[in-house]
Amino acid sequence: MKGRFLFILGLIFWGSCGICAAGRGTSELDELVKVFEQNPGNPESTLRLLKELDRAGKPGQEVIDRYFLTQKEADYCKEYNWIIVRDFVNDINAPQLKYVFEHQDKFIQYFSKDDVFQKLDNVLVNHLDKLYQQNKTDYEKMLQQIKDYGYEHYDVVYDYFHIRNLRVSGNAEDYFYKARKLFRYFPENRQMIKEITAGALEIMSDVSRLKVIQLWAGKTVESQSDFDAIYNYVKISQRCGYNDVARKYAAIANHLAAKSGSQPLKQQAGELLKLLN
């Protein structure tokens with residue numbers, strides 16, 4: 001059994017791209033795998049291995065499955081298990097997440113209410129978003145099930161999608177208030193923030209409110225690699241009167257466009273430079 005598990009892990013680690021490309025050699029992962037294999041029920045070594053896999057862009061599901069075979073269900077609310085669930089378990093059908101959904105009060109008793117609901121909200125919207133893109137009937141059915149279940153943050157989950165309708169209808173007033181709400185509950189969801197920024201540019205004219213959106217839009221350009229996010233950030237910064245910021249990121253957009261060789265991106269970057277001249 002041990003040999004089979006090590007073989008599976010080996011496929012995960014080295015199947016598609018060399019671990020050396022991630023920055024540290026194979027030796028550290030080798031050692032972490034050996035330590036985990038010797039005691040797969042140790043939360044500290046498991047967490048270290050999961051973090052290293054995540055940093056290297058490798059899947060960790062085999063490790064998660066093996067680790068939780070050693071844990072009692074009643075111990076899922078222990079802090080070390082909550083950290084693993086919170087940071088690495090994202091499948092809505094995972095038994096650990098089902099347990100959190102069914103025992104929300106217990107987890108809220110031990111941990112921050114915002115922390116627990118932020119995890120559950122993200123799991124729900126990520127799953128719903130796939131249905132939203134693929135099958136609206138299934139999306140609406142599951143959304144109703146969440147409401148019928150009595151989920152406390154149903155309104156947060158609903159507004160995650162409803163704000164898209166507000167953008168289409170041009171309802172700038174409600175759009176702004178829903179945006180602030182979603183920023184609070186999904187502060188790290190850069191894709192959502194990018195979409196809200198694009199919508200704000202389409203339907204909002206109040207500069208004081210645009211400045212709130214612009215502040216959050218800054219999260220989407222931290223990596224300076226997402227052209228669409230930078231494009232939106234330049235436009236909203238210029239609308240807010242932050243011309244120095246807009247010029248800085250227009251130059252970054254121009255560099256990315258030139259590097260990509262894409263004519264449409266070059267045209268968009270050119271539009272930004274003209275906007276600021």
In Å, rounded to the nearest 0.5 Å, how long is the span from [atom1] of [X] to [atom2] of [Y]?
X      : Y      : atom1 : atom2 : answer
Thr46  : Asn39  : OG1   : CG    : 7.5 Å
Leu32  : Glu37  : CG    : CD    : 13.0 Å
Ile213 : Met204 : CD1   : CE    : 5.0 Å
Leu182 : Ile196 : CG    : CD1   : 5.0 Å
Asp174 : Asp159 : CG    : CG    : 9.5 Å
Asp244 : Ser237 : CG    : OG    : 10.5 Å

Near-ring test Tyr231/Tyr249, centroid separation under 6.0 angstrom: no
Parallel, tilted or perpendicular, as decided by the 30° and 60° cut-offs, for the rings of [Y] and [X]:
X      : Y      : answer
Tyr99  : His103 : parallel
Trp82  : Phe111 : parallel
Phe68  : Tyr76  : perpendicular
His153 : Phe117 : parallel

Which atoms form the tightest heavy-atom contact between [X] and [Y], and what is the distance?
X      : Y      : value
Tyr149 : Glu102 : OH-CA, 3.9 Å
Arg86  : Lys119 : O-NZ, 3.0 Å
Ser45  : Val35  : CB-CG1, 3.6 Å

Applying side chain to side chain contact (heavy atoms under 4.5 Å, CB included) to Glu140 and Leu143, what does each step give before you reach the verdict? CA-CA 5 Å; Glu140 291 172 358; Leu143 193 63; 5.6 Å; no
May I ask you to check whether over 12 heavy atoms, not counting those of [X], lie within 6.0 Å of atom [atom1]?
X      : atom1 : answer
Gln267 : CD    : yes
Lys181 : NZ    : yes
Lys235 : NZ    : no

Decide side chain to side chain contact (heavy atoms under 4.5 Å, CB included) for Asp226 and Thr220; before the verdict, give the C-alpha distance in whole Å, the side-chain angles of both, and the deciding distance to 0.1 Å. CA-CA 8 Å; Asp226 186 331; Thr220 68; over 6 Å; no
Please report the C-alpha distance between Asn81 and Tyr67 in whole Å, then the side-chain angles of each, then the deciding distance to 0.1 Å, and finally whether the side chain to side chain contact (heavy atoms under 4.5 Å, CB included) criterion is met. CA-CA 10 Å; Asn81 281 331; Tyr67 170 75; 2.5 Å; yes
Step by step, would you call Arg48 with Glu44 a side chain to side chain contact (heavy atoms under 4.5 Å, CB included)? CA-CA 6 Å; Arg48 285 198 300 271; Glu44 293 182 4; 4.0 Å; yes
